[in-house]
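Data block below; observations after.
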Amino acid sequence: AIADLVSRQASAIMNLRKEALFSPAVEGTFVALIGMAWFICSDNPVYLLSFATFKAPESWRVSHDEIVEMMRRQGCYTEDSLSFMKRLLDRSGTGQRTAWPPGIVRSLKDTKDENGNYLKSDRSIEGSRKEAETIIFDIVENAMKKANLTPKEIDVLVINCSLFSPTPSLCASVISHFQMRGDILSYNLSGMGCGASLLALDLGKNMLQRRRFGGKALIVSTEIITPNLYLGNERGFLLQNTLFRCGGSAMILSNKWMDGSKAWFKLLHTLRVQSTDEDGFQCVFETEDKEGLRGVRLSKDIVKVAGKTMEKNLTRLGPYVLPLSEQAKVVISLVARFVFKTLGKLLGTKKLPNIKVYVPDFKRGIDHFCIHAGGRAVIDGIEKNMKLEKFHTEPSRMTLMNYGNTSSSSIWYELEYIMEHQRSNPLKKGDRVMQVAFGSGFKCCSGVWLKL
């Protein structure tokens, strides 16, 4: 009986369909609209409407000799440590006009205290907040101005700052200063190192894609130097005093289709790889030295660890950006390596050739590279391993020279250089740009953009 009822209902539906309730033109239009809606929902693009980077005032800029003099006037470093920092600066790849915060630069003034000593650095919470607000308020205002947005139009706010996380948060400071909406979604990320900008961007992207009708996200990346000057003499900690500089970037994202026509870039992929071994975890480590003085210890193995982590990241990213011919070469090399290793074990011999895994040529899928300006050795190593040309690493080297290592924001100074200054490899519509950055933990993060 049930089967008979189902059969009669099916026949009734088919007969109703034969009566052609709508004309073929109406039905065709309806199907086309359904298809268009499905395509729009499945693509769900994220656009970069604008970004801005911090340009420090002249009073913040110092030369290498002035940096050494600032350190000398702290009254805590030995001559051996000062000489070591001078050698590091000479080999660092940083220029003679990089930025330090006012709380530390004040040591260069001829003002002396009541005991006749030069003023030491101001590492107070007030001084740290002043540096943070000067940088963040400037870049947020400029980014919104470039995107022609008001603060009330921002739906999501993400700020990453690894070593300075005050209460109230930096997000709260921005929301209060710009009088943003009370229902804004805000997130403050800390402790994630120089790779945090792409992590913050990925979080902003995910929050936007959860919104039914789309929205706009403001991503802010910076590092605050004022409270993080190391005042001891252990060499593993002294590197931070010679490499890191003031900087910041603010980015405006949108996942509304109507914003695609005025966007600068479209986000294609984001990817993160996290190291799980002890060497990677200890590679960039905030702790105290033997004298109990706080600082960030940088391991001598940082370049090696970064290389391994980046290799894993690019292996996973490759299928999304590389042509099939490059992917095939990787697969063939992996199969050959496995076969020869298996044969060697079965035959009990080590005379069989050791097949190396093919390193794909990312230049065939990527036009521009923004490699984190973590230091000259990091850039040299990546250039060699990825077989990049000099013009591919030019944005990273110029950013390191002009701004130093500004931590997570460095990849945005590099993208700005590509857009506004690079002549050896000019940016064109349809070009793909890869950003690669490293963070404590140890992690490698990457993002790929399409120039619109």
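What you are looking at is a predicted structure, and each value in this text was computed from that prediction instead of being measured. Nothing fancy with the numbering, it's 1 onward along the sequence.
Within 6.0 Å of the NZ atom in Lys363, the count of heavy atoms belonging to other residues, nucleotides or ligands exceeds 12. Around CG of Asn148, the count of heavy atoms belonging to other residues, nucleotides or ligands within 6.0 Å does not exceed 12. More than 12 heavy atoms of other shown residues, nucleotides or ligands fall within 6.0 angstrom of atom NZ in Lys146. The 12-atom threshold is exceeded at CD of Glu420, counting heavy atoms of other residues, nucleotides or ligands nearer than 6.0 Å. Other residues, nucleotides and ligands contribute over 12 non-hydrogen atoms within 6.0 Å of the CD atom of Gln274. Within a 6.0 Å sphere centred on NZ of Lys145, heavy atoms belonging to other residues, nucleotides or ligands number 12 at most. Environment of CZ in Arg210: sparse, with no more than 12 heavy atoms of neighbouring residues, nucleotides or ligands closer than 6.0 Å.
The closest donor-acceptor contact from the side chain of Asp431 to the backbone of Lys428 lies under 3.5 Å.
Contact annotation: the side chain of Leu267 never approaches that of Leu48 to less than 4.5 Å [non-hydrogen atoms, C-beta and beyond]. Considering only heavy atoms from C-beta on, Glu234 stays 4.5 Å or farther from Arg297 through its side chain. The closest side-chain heavy-atom distance from Tyr320 to Val448 is not below 4.5 Å. Residues Ser275 and Phe281 fail the side-chain proximity criterion, which asks for heavy atoms closer than 4.5 Å. Within the 4.5 Å cutoff, side-chain heavy atoms of Lys443 are placed close to those of Met192. With a 4.5 Å cut-off on side-chain heavy atoms, Ile379 and Leu400 count as touching. Looking at Leu239 and Thr242, their side chains come closer than 4.5 Å, going by heavy atoms from C-beta outward. Annotation: side chain of Met144 is in contact with side chain of Ile154 (closest heavy-atom distance under 4.5 Å).
We find that Lys390 and Glu383 are joined by a salt bridge, their nearest charged nitrogen and carboxylate oxygen being less than 4.0 Å apart. Under a 4.0 Å N-O distance rule, the pair Glu416/Lys55 qualifies as a salt bridge. Using a cut-off of 4.0 Å between Lys/Arg side-chain N and Asp/Glu carboxylate O, Glu326 and Arg364 are scored as salt-bridged. Electrostatic pairing of Arg211 and Asp155 counts as a salt bridge here, judged by a charged N lying under 4.0 Å from a carboxylate O. Taking a cutoff of 4.0 Å between a charged side-chain nitrogen and a carboxylate oxygen, Lys130 and Glu126 do not qualify as a salt bridge. Salt-bridge check for Asp380 with Lys384: failed, with every basic side-chain N at 4.0 Å or more from each acidic carboxylate O. Under 4.0 Å is where a charged nitrogen must lie from a carboxylate oxygen, and between Asp259 and Lys216 at least one such pair does. In summary, Arg73 and Glu66 do not engage in a salt bridge, as defined by a charged side-chain N under 4.0 Å from a carboxylate O.
In this structure, CD in Gln422 is found 11.0 Å from CD in Glu414, a value given to the nearest 0.5 Å. Between the CG atom in Asn188 and the CD1 atom in Ile159 there is a gap of 6.0 Å [rounded to 0.5 Å]. Between atom CG of residue Asp301 and atom NZ of residue Lys308 there is a gap of 8.5 Å, rounded to the nearest 0.5 Å. Atom CZ of Arg272 sits about 6.0 Å away from atom SG of Cys445, to the nearest 0.5 Å.
Below 30°, between 30° and 60°, or above 60°: for Tyr413 and Tyr403 the angle between ring planes is between 30° and 60°, a tilted geometry.
Of all the heavy atoms in Thr98 and Asn402, the pair that sits closest is CG2-O, 3.9 Å. Scanning all heavy atoms of the two residues, the minimum distance from Leu170 to Ala132 falls at CD2-CB, 4.0 Å. Residues Val62 and Ile67 approach most closely at CG2-CG1, 3.6 Å, considering heavy atoms. Residue Cys370 comes nearest to Leu415 through the heavy atom pair SG-N, 3.7 Å, listed as atom of the first residue, atom of the second, then distance. Pairing each heavy atom of Cys444 with each of Phe438, the nearest pair is SG-CE2, 3.8 Å.
No side-chain donor from either of Glu133 and His177 sits under 3.5 Å from a side-chain acceptor of the other. Side chains of Ser409 and Thr406: a donor-acceptor N/O pair is present below 3.5 angstrom, by distance only. No side-chain N or O of Ser128 forms a donor-acceptor pair with one of Thr226 less than 3.5 Å apart. Residues Gln74 and Tyr118 have side chains that never bring a donor and an acceptor to within less than 3.5 angstrom of each other. For the residue pair Ser107/Lys109, the side-chain donor-acceptor check at 3.5 Å is not satisfied. In this model, a donor atom of one side chain and an acceptor atom of the other lie less than 3.5 Å apart for Ser83 and Arg87. In this model, no donor atom of one side chain and acceptor atom of the other lie less than 3.5 Å apart for Thr78 and Asp80. Gln96 and Arg61 share no side-chain donor-acceptor pair at under 3.5 Å. When only modelled atom types and interatomic distance are considered, Asn228 and Arg294 share a side-chain donor-acceptor pair under 3.5 Å. With no hydrogens or angles considered, no side-chain donor-acceptor pair links Asn160 and Tyr187 at under 3.5 Å. With 3.5 Å as the limit, one finds a donor-acceptor pair spanning the side chains of Asp289 and Tyr230. Of the N and O atoms on the side chains of Trp412 and Ser221, not one donor lies less than 3.5 Å from an acceptor on the other residue. Between the side chains of Ser446 and His269, no donor-acceptor pair of N or O atoms lies under 3.5 Å.
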**Study point:** Evaluation steps, side chain to side chain contact (heavy atoms under 4.5 Å, CB included), between Arg245 and Asn405
**Key:** CA-CA 6 Å; Arg245 301 292 191 274; Asn405 181 349; over 6 Å; no

**Study point:** Verdict with reasoning, Leu163 to Val296, per side chain to side chain contact (heavy atoms under 4.5 Å, CB included)
**Key:** CA-CA 10 Å; Leu163 293 173; Val296 177; 3.9 Å; yes

Practice item. Begin from the C-alpha positions of Phe362 and Leu322 and carry the test side chain to side chain contact (heavy atoms under 4.5 Å, CB included) through to its verdict. Key: CA-CA 7 Å; Phe362 272 84; Leu322 290 173; 4.1 Å; yes

Review point. Do Lys451 and Arg432 pass the side chain to side chain contact (heavy atoms under 4.5 Å, CB included) test, and can you show the C-alpha distance, the side-chain angles, and the key distance before you say yes or no?
Key: CA-CA 6 Å; Lys451 179 67 176 77; Arg432 292 202 283 185; over 6 Å; no

Practice item. Mind running ring pair (Phe, Tyr, Trp, His ring centres under 6.0 Å) on Trp60 and Phe54 for me, showing each step along the way? Key: CA-CA 12 Å; Trp60 290 31; Phe54 178 68; 5.5 Å; yes

Exercise for review: Under the salt bridge (charged side-chain N to carboxylate O under 4.0 Å, His left out) rule, what do Arg97 and Glu58 come out as? Steps first, then yes or no, please.
Suggested key: CA-CA 9 Å; Arg97 296 183 66 254; Glu58 196 62 33; 2.7 Å; yes

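Residues Phe51 and Trp264 bring their aromatic ring centres within 6.0 Å.
Just one of Glu389, Glu394, His368, His392 meets the side chain to side chain donor-acceptor pair (under 3.5 Å) condition when paired with Asn425; it is His368. Applying side-chain contact (heavy atoms from CB on, under 4.5 Å) to Leu157 and the options Leu185, Val174, Ile219 leaves one that passes, Val174.
Taking the ring centre of Phe84 as origin, the terminal cationic atom of Arg235 falls inside the region bounded by 6.0 Å and 45° from the ring axis.
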